[in-house]
Amino acid sequence: MSRLVVVSNRVLDLGKAARAGGVAVTLADIVRTRKALWFGWNGEIEPAGQVDAVGREGRIATAPLSDIEYAGYYVGYANSVLWPVFHNRLDLAQFEARFFERFVDVNRRLTGLLQPMLRPDDVIWVHDYHLIPFAAELRKRGVGNPIGFFLHIPFPPWQTFMAVPEHKELARALAAYDLIGLQTTADVANLMNYMMSALHGRIVPDGRIRLFDQLVSVASFPIGIDPTNFAKAKRASDLVQARSSVSRVVGVDRLDYTKGLPHKFKAFGRLLDKYPQYQRQVVLTQIAPPTRETVEAYSDIRHELESLAGSINGRLGELDWVPIHYIYRSMPRRRLGDIYRSSQICMVTPLRDGMNLIAKEYVAAQDAADPGVLILSQFAGAAEEMSEALIVNPYNIEETAEALRSALEMDLTERRARHGALLQGVYKRDAAAWSQLFLEHLKRAGPYSASHEVA
Ligand code: F6P
C-alpha cells in the first residue's frame with residue numbers, strides 16, 4: 001500500500017487533545033490511521049532566513065513561515081483575497097500584486113522542503129486554498145506522483161472568480177492536479193463553468209477536462225466527520241437550565257464575517273420580540289473563538305456582535321435570564337459534544353460556507369430518543385445533503401425567526417424522523433468514506449505521466 005502524503009496549511013500535533021472540529025481534526029484522523037506523512041506550516045513565525053529547517057516527528061513534518069511570508073501568503077493572499085472572493089465577498093478583497101508573488105513563493109519554498117522526503121510511490125493529497133500552486137511547483141521539480149487537491153471552501157460563480165487579477169495563473173495551477181475535489185455539486189458546476197466559459201476548457205470522453213493541455217478530473221466529495229467521537233456525548237449537568245422548561249439554542253462558529261453571526265443574533269432577538277411568550281424560556285449560547293485577528297476585515301465583527309448582544313440582553317434580559325450567552329473561546333471536542341447534547345436547537349446559519357462540520361457534529365451528538373433540531377443555512381455546503389434540517393435563508397431574519405419558533409414547537413415524532421434521516425447520512429458519508437472515495441478516484445484519475453503527457 002502506497003504512503004499518503006497529506007499537505008495542508010495547518011498541521012496538528014497528533015498527541016494533543018483536539019480542540020473544536022475543523023479540517024485539521026479530520027486530517028489528523030486520516031494520518032493517524034494509515035501509512036502517512038503530514039506536511040505543512042508549524043504555526044510559528046520566524047525572522048526571514050531562519051525558516052528552512054523542517055521539524056520531523058514521526059508522521060509529522062512542519063516548517064515555520066517568515067514574518068514577510070505570513071503577511072503576504074497567509075494574511076494577504078489566502079485570507080484577504082481568496083477567502084473573501086471564494087465566499088462571495090468581493091467588497092472585502094484586497095488585491096495587491098505583492099500578495100500573489102509571496103503566495104507563490106511560499107508554495108515554491110514548501111515544495112522544496114517536502115521533495116527530499118517524497119518516495120516514488122507516494123500519493124500526494126493537498127488541502128485548501130492556501131496551497132493551490134503546490135502541485136504546479138512540485139511538477140516543476142519533476143515530481144510525477146499522483147497529486148490530488150481538495151478545496152474545503154466554496155468555489156464562487158465564475159464571474160466572481162474572474163475578478164481575481166491572477167485567476168488565470170490560479171487556473172493553470174489547478175490544472176496541474178490529477179484530481180480536484182470540491183464540497184458540493186454546486187461548487188463543481190461553478191468551477192466547470194469557469195473552465196469552459198472563461199478558458200475554453202473542454203470535457204474529453206472519459207469525463208476529464210482538458211485545460212492548458214493538461215487533463216484534470218473535477219468531482220464533488222462532501223466531507224464528513226467521525227460521528228463516533230460525538231456518540232458518547234452526555235447532557236452536561238452544569239448546562240441543564242435552572243428551570244427545566246428553558247431551551248438552549250447553540251451556535252459554534254469561528255468569529256468570521258462569513259458565519260452570519262449578526263444575522264443570527266438579530267433573528268433570535270426577532271423571535272423574542274415577535275413571540276414574547278418565549279422570553280425567559282429560551283437562551284442562545286454562541287461559542288465564537290476569535291480567528292485571523294491580523295486580517296483587517298475581522299476587526300469590526302467582534303464589536304458589531306458585542307453591541308448587538310448587549311442591546312438584546314439589555315433590552316430584554318431579566319435578573320435571572322440573560323437571552324444571549326456569548327463565549328470568545330474554543331472548546332475541547334468532548335465538552336462541545338456535551339454542549340450539543342444539552343441544546344434543543346443548533347443554529348448553523350453562515351452566509352456562505354464550504355461544508356460546515358458543526359451541523360454534522362450536532363446531529364451525531366443528539367440523543368436519538370429525544371433529539372434536538374438543526375437549523376441550517378441554505379448557503380452552507382451541508383444543506384445539499386442535509387435536507388431534513390430546517391433550511392433557512394440567513395439573510396431573511398423573519399424566516400429564520402420563524403424557523404426558531406418551528407424548532408421550539410416541533411413535536412417528538414417529527415424531531416425523531418428528521419434526526420433519524422440526518423444521522424443516517426452523517427454515518428454513511430463520514431470522514432473515512434470521504435477520504436476513501438477521494439483517494440480511489442485519485443487512483444483512477446492519475447497517474448501524472450498518463451494524464452499530463454497529452455499533446
Ligand atoms: O477551510 C477553512 C479553513 O481553512 C479550515 O482549514 C479551518 O477550519 C479554518 O479555515 C481555520 O482557519 P485558520 O487556519 O486560518 O485559522
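Atoms within each ligand, like the ligands themselves, are counted from 1 in listed order. Only this structure's heavy atoms are used, side chains among them; waters, hydrogens and symmetry mates stay out.
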Item to check | Numbered atoms and elements of ligand 1 in range of I153, under 4.0 angstrom, heavy atoms | outcome: 1 (O), 2 (C)
Next on the checklist: Could you tell me, atom by atom, which parts of ligand 1 come under 4.0 Å of a heavy atom of Y129?
Outcome noted: 4 (O)
Checklist outcome for this item: In short, A359 meets N356 closest at the heavy-atom pair N-OD1, 3.3 Å
Next on the checklist: Between R141 and T111, is there a side-chain donor-acceptor contact under 3.5 Å, judged purely by atom types and distance?
Outcome noted: yes
Item to check | Over all atoms of both residues, closest heavy-atom pair of L255 and P290 | outcome: CB-CA, 3.9 Å
Item to check | Contact check: H130 vs ligand 1, nitrogen or oxygen atoms, below 3.5 angstrom | outcome: no
Checklist entry - Counting heavy atoms only, which of H152, R292, H127 is nearest atom 11 (C) of ligand 1? => result R292
Next on the checklist: Cation-pi check for Y328 against R302: NZ or CZ below 6.0 Å from the six-membered ring centre and within 45 degrees of the axis, yes or no?
Outcome noted: yes
Checklist entry - Which atoms of ligand 1 are found less than 4.0 Å from any heavy atom of R10? => result 13 (P), 14 (O), 16 (O)
Checklist entry - Which of the atoms in ligand 1, numbered in the order shown and given with their element, are less than 4.0 Å from a heavy-atom of D128? => result 1 (O), 2 (C), 3 (C), 4 (O), 6 (O)
Checklist entry - Relative to W83, does R89 satisfy both conditions: NZ or CZ under 6.0 angstrom from the six-membered ring centre, and within 45 degrees of the ring's axis? => result no
Next on the checklist: Here's one to test your reading of the geometry: is the NZ or CZ of R352 within 45 degrees of the ring axis of F379 and under 6.0 Å from its centre?
Outcome noted: no
Next on the checklist: Could you work out, for atom 6 (O) of ligand 1, the closest of V23, N9, T258, N79 by heavy-atom distance?
Outcome noted: V23
Item to check | Structural part of W83 in contact with ligand 1, heavy atom criterion under 4.0 angstrom | outcome: side chain
